[in-house]
Amino acid sequence: MPSAKRDKEYSFVSPVVKYLLFIFNMIFWVIALVLISIGVYSRIVKHAETILACLTVDPALLLMIVGILMFFITFCGCVGSLRENICLLQTFCIILTIIFLLQLVAGVLGFVFSDKARGKVTEMVDNAIKHYRDDLDLQNLIDYGQKQFNCCGGVSYMDWSQNIYFNCSQENPSRERCSVPFSCCLLSNVETVINTMCGHEMQVHDYLAASAFINTNGCIDNVVNWIHSNLFLLGGIALGLAIPQLVGILLSQILINQIRDQIKLQNYNQLHRSDPWS
């Protein structure tokens, strides 16, 4: 009897693995809710006429998509670990593995086909420039990028002519005709008030003349140069993103195997309890 009682009480499922996976998913579940909340709030506060202006380059929409995806994945991990549900744990493990492999493939393809990747990035930047005034979030993002990387436009400052407000054509009635955003301007450390008109009519000047007032280099080249100069930092960030995914995959797979062993033990005990000759 003592031996049978010990077999009945024994469990292959480790509480450490179970609740470690639950806490792991709970943290990212909360992060997902925060991302979704920020994205939804950003979409709501925008004016109605700009809601559908540029969905493909909307940072708020990107936050919502990432947040919803994270919410679904971590929900499967949380409930699956807490309820010891193999189906949910397998869903969590498979999706996380697919995402990890897609990131790996994207990194390899981006390195191997760097020219095509650069062309795609250029296309995305051009599209963002065209919608600069249509979305406040996008505008702030572009301004932040241009100030951080000391650049202007995608390839050069002349790219801003693609925007209807900054276009240099004679038919353009905008007061910002032939201008560039203030984030392109060369600002001194002593300036306390930013002159938002500092980029006025900069597109009518050649590179040498314009370079005295604004950054004339495009952001794509500056970002590429920054990447080449910070490969170790980017490698550390990539590793930091990969480790939680690998930990989640490993913990979920361990827990799945433990649950399966536990089911086998329960089936074995049930079989022997129902056997009159045992």
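Being a predicted model, the structure only gives us computed values, none of them experimental. Nothing fancy with the numbering, it's 1 onward along the sequence.
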| said: How close do V125 and G154 get, counting heavy atoms only, and between which atoms? | reply: CG1-CA, 3.7 Å

| With no hydrogens and no angle check, is any side-chain donor or acceptor of Q258 less than 3.5 Å from a backbone partner on S14? | yes

| field | Y157 vs C151, side chain to side chain contact (heavy atoms under 4.5 Å, CB included): CA-CA, chis, key distance, verdict | value | CA-CA 8 Å; Y157 69 102; C151 58; over 6 Å; no

| remark: Note: with side-chain heavy atoms under 4.5 Å as the link, the other cluster members for L208 come out as none

| query | By side-chain contact (heavy atoms from CB on, under 4.5 Å), which residues pair with S169, not counting sequence neighbours? | reply | N167, E171, N172

| query | For S161 and C168, which heavy atoms make the closest approach, and how far apart are they? | reply | OG-N, 3.3 Å

| query | Taking NZ, NE, NH1 and NH2 as the nitrogens, is one of them in K130 or D159 under 4.0 Å from a carboxylate oxygen of the other? | reply | no

| message | I need the I36 CD1 to L63 CG distance, nearest 0.5 Å. | response | 10.5 Å

| said: Set out, in order, the CA-CA distance, both residues' side-chain angles and the distance that settles side chain to side chain contact (heavy atoms under 4.5 Å, CB included) for I237 and L239, then state yes or no. | reply: CA-CA 5 Å; I237 294 174; L239 186 62; over 6 Å; no

| said: Would you compute the distance between atom NE2 of H200 and atom SG of C185 and round it to the nearest 0.5 angstrom? | reply: 12.0 Å

With a cut-off of 3.5 Å and sequence neighbours excluded, list every side-chain donor-acceptor pair involving residues 65-82.
from, atom 1, to, atom 2, distance (Å)
T74, OG1, M70, O, 2.6
T74, OG1, F71, O, 3.2
S81, OG, G77, O, 2.8
S81, OG, C78, O, 2.9

| Are I243 and I254 joined in one hydrophobic group, where the rule is that I, L, V, M, F, W and Y side chains link up if heavy atoms are under 4.5 Å apart? | yes

| remark: For R260, the salt bridge (charged side-chain N to carboxylate O under 4.0 Å, His left out) test, sequence neighbours excluded, returns none

| field | Interatomic spacing from CD in Q266 to CD1 in I259 - rounded to 0.5 Å | value | 10.5 Å

| message | In this structure, would I23 and I256 fall into the same cluster of hydrophobic residues linked by side-chain contacts under 4.5 Å? | response | yes

| task | Could you tell me whether R133 and E176 have a side-chain N and a carboxylate O separated by less than 4.0 Å? | result | yes

| said: Let me confirm one number: the CD-CZ distance from Q245 to F28, rounded to the nearest 0.5 Å. | reply: 8.5 Å

| Derivation and outcome, side chain to side chain contact (heavy atoms under 4.5 Å, CB included), residues F12 and L265 | CA-CA 8 Å; F12 282 102; L265 177 62; 3.8 Å; yes

| request: Determine, step by step, whether W160 and M202 satisfy the side chain to side chain contact (heavy atoms under 4.5 Å, CB included) criterion, reporting the C-alpha distance in whole Å, the side-chain angles of both residues, the deciding distance to 0.1 Å, and the verdict. | output: CA-CA 10 Å; W160 281 103; M202 283 295 109; over 6 Å; no

| query | Would a distance-only check, ignoring hydrogens and angles, find a side-chain to backbone donor-acceptor pair under 3.5 Å from S179 to E201? | reply | yes

| Within one Ile-Leu-Val-Met-Phe-Trp-Tyr cluster: F24 and I249, side-chain cutoff 4.5 Å | yes

| task | Check for a donor-acceptor pair, side chain of N230 on one end and backbone N or O of L233 on the other, with a separation under 3.5 Å. | result | no

| request: Applying salt bridge (charged side-chain N to carboxylate O under 4.0 Å, His left out), name anything that partners D143, two or more places apart in sequence or on another chain. | output: none

| Side-chain donor/acceptor of R177 to backbone N/O of F166, under 3.5 Å | no

| said: Checking side-chain polar atoms at under 3.5 Å, does E84 have a donor or acceptor matched by the opposite partner on Q262? | reply: no

| said: Quick check for you: to the nearest 0.5 Å, what is the distance between Y132 atom OH and I164 atom CD1? | reply: 13.5 Å

| Do the side-chain sulfurs (SG) of C152 and C219 come closer than 2.5 Å? | no

Show me, pair by pair, the donor-acceptor contacts under 3.5 angstrom made by side chains of residues 87-100, not counting sequence neighbours?
from, atom 1, to, atom 2, distance (Å)
T91, OG1, C87, O, 2.9
T97, OG1, C93, O, 2.7

| message | Using the rule that Ile, Leu, Val, Met, Phe, Trp and Tyr join whenever any side-chain heavy atoms are under 4.5 Å apart, tell me whether I38 and V30 fall into a single cluster. | response | yes

| query | Do any N or O atoms from the side chain of N127 and from the backbone of E123 form a donor-acceptor pair under 3.5 angstrom? | reply | no

| message | Please check this pair: side chain of N150 against backbone of Q146, looking for a donor-acceptor N/O pair closer than 3.5 Å. | response | no

| query | Under the side-chain hydrogen bond (donor to acceptor under 3.5 Å, both in side chains) criterion, do Y207 and S156 qualify, and how do the steps go? | reply | CA-CA 9 Å; Y207 275 83; S156 75; 3.2 Å; yes

| message | Nearest 0.5 Å, please: how far is CG in N217 from CG in N225? | response | 9.0 Å

